[in-house]
Amino acid sequence: MISTPPHLEIYDDRFKSLVHPMSALETIAEGFTWTEGPVWFGDHKCLLFSDIPSQRILRWSETTGLSTYRSQSGFNNGNTRDREGRLIGCRHGFRDVVRTEANGQLTILADSFEGKRLNSPNDVIVGSDGVIWFTDPTYGIISNFEGYKSPPEQSARGVYRLGPDGVLAAVVTDFAQPNGLCFSPDESILFIAESGSSHDDAVPSVIRRFRVEGATLIDEGVFATIDKGLPDGMRCDVEGNLWSSAADGVHCFAPDGTLLGKILVPQVVSNLCFGGTDGHRMFITATTSVYRIFVDVQGAESWTRSTSKGMA
Ligand code: MG
């Protein structure tokens, strides 16, 4: 370790060009139960995020502060946007992946596979080709969410691919608990978090790397290991560095898997996203709070900086 500023651990000098040691970690919202699913809406200059147990999706902006975007959210967890700018979310309660149309109506995109209900879709991303990829661990149906605890129907805790034609395919089926996922900047690599260690000590807390070959994923093994807690939500920046949630903060890995540094956060981190009106902010959902920090690099998802329309 090269130096230890109050909220950064720097393992490699390259990290200094990504997060300035003087960058402040700000709390922008607090008092929740378990925050997750941050997604930046550049066209509305606002952040949406989930507070899963309270069944809310919250909206935060620099100018108007905090408000409720949706109540009775069905224990909505991970969020992203499709290429038309529409909100795509994962709902534990309804065990589905749902799209919010421009008029505010909800369209269920996937809730079953081979005639059986999904477990509890957790996190989701959309490729530039419109393909939706999501993970389906059992967390949402084994947790004590009143009224929604139920046994899994799927034999696997799968990673799914939903094509624009509506065809749903299980593309990886050997995870203990798949969780967050993100693309490399050119979308040739898909990273998927294995967070199964939360229920089985024998399962390592790793990020797995897959090469995208059309509609299939080629397993390229372990990309990185999380040394504190487990990986949940993740994002890549434009330079291909991967930023992962962990128990002690956000861990930043170079494209070759080298740990460059950590942003230390006072609470267990669940997820993160890039955004901000200047495209240089990282928003971090961590247990009961949401944090923001200035970063010198922008998100790989070009739409986090776009002005595309979509939010109702
Ligand atoms: Mg997650």
Side-chain angles (χ1 to χ4, degrees), residues 32-40 47-58 73-81 87-98 110 118-126 132-143 145 148 152 154 157-160 172 175-183 190-200 203 205-208 223-224 226 228-236 242-251 265 267-274 282-291 301:
F32 307 104
T33 309
W34 181 258
T35 58
E36 245 282 9
V39 57
W40 177 252
L47 178 78
L48 294 188
F49 63 93
S50 303
D51 184 29
I52 302 174
S54 74
Q55 292 212 61
R56 287 182 297 168
I57 300 176
L58 287 304
S73 68
F75 300 107
N76 193 92
N77 185 342
N79 294 304
T80 191
R81 303 181 77 179
L87 177 68
I88 309 286
C90 296
R91 301 192 297 180
H92 291 174
F94 298 105
R95 301 166 72 161
D96 63 14
V97 177
V98 67
L118 296 172
N119 295 320
S120 52
N122 187 291
D123 214 344
V124 59
I125 57 173
V126 182
I132 296 171
W133 305 77
F134 67 92
T135 56
D136 188 42
T138 56
Y139 292 120
I141 52 175
I142 60 176
S143 303
F145 292 140
Y148 288 111
Q154 297 294 330
R157 295 155 183 184
V159 178
Y160 291 89
V172 189
F175 273 86
Q177 294 280 23
N179 205 318
L181 63 182
C182 68
F183 277 123
L190 179 59
F191 299 97
I192 307 173
E194 168 63 272
S195 62
S197 58
S198 58
H199 292 284
D200 183 350
V203 177
S205 296
V206 298
I207 299 166
R208 294 172 61 181
F223 168 72
I226 298 296
K228 288 283 194 311
L230 53 89
D232 194 338
M234 309 182 294
R235 294 288 188 281
C236 275
L242 183 145
W243 303 73
S244 174
S245 53
D248 57 345
V250 176
H251 297 191
V265 177
Q267 301 181 82
V268 172
V269 173
S270 63
N271 211 334
L272 60 116
C273 74
F274 290 92
M282 178 179 288
F283 296 95
I284 301 167
T285 51
T287 314
T288 63
S289 303
V290 180
Y291 298 88
E301 298 161 312

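Just so you know, ligand 1 is whichever comes first in the structure, and atom 1 is the first atom listed for that ligand. Basis for what follows: all heavy atoms, side chains included, without hydrogens, waters or symmetry-related copies.
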Q: Could you tell me the separation between the CZ atom of Arg235 and the CG atom of Asn271, rounded to the nearest 0.5 Å?
A: 5.0 Å
Q: Angle class for the Phe32/Phe49 ring planes (parallel below 30°, perpendicular above 60°, tilted otherwise)?
A: perpendicular
Q: Between the side chains of Thr288 and Gln267, is a donor N or O closer than 3.5 angstrom to an acceptor N or O?
A: yes
Q: Can you tell me the N, O or S atom of Asp232 that's nearest the Mg ion (ligand 1)?
A: OD1
Q: Can you measure from OG (Ser120) to CD (Gln177) and round to the nearest 0.5 angstrom?
A: 7.5 Å
Q: Taking 2.8 Å as the cut-off, does an N/O/S atom of Ser195 lie below it from the Mg ion (ligand 1)?
A: no
Q: Does Asn122 bring an N, O or S atom to under 2.8 Å of the Mg ion (ligand 1)?
A: yes
Q: Is any N, O or S atom of Asp123 under 2.8 Å away from the Mg ion (ligand 1)?
A: no
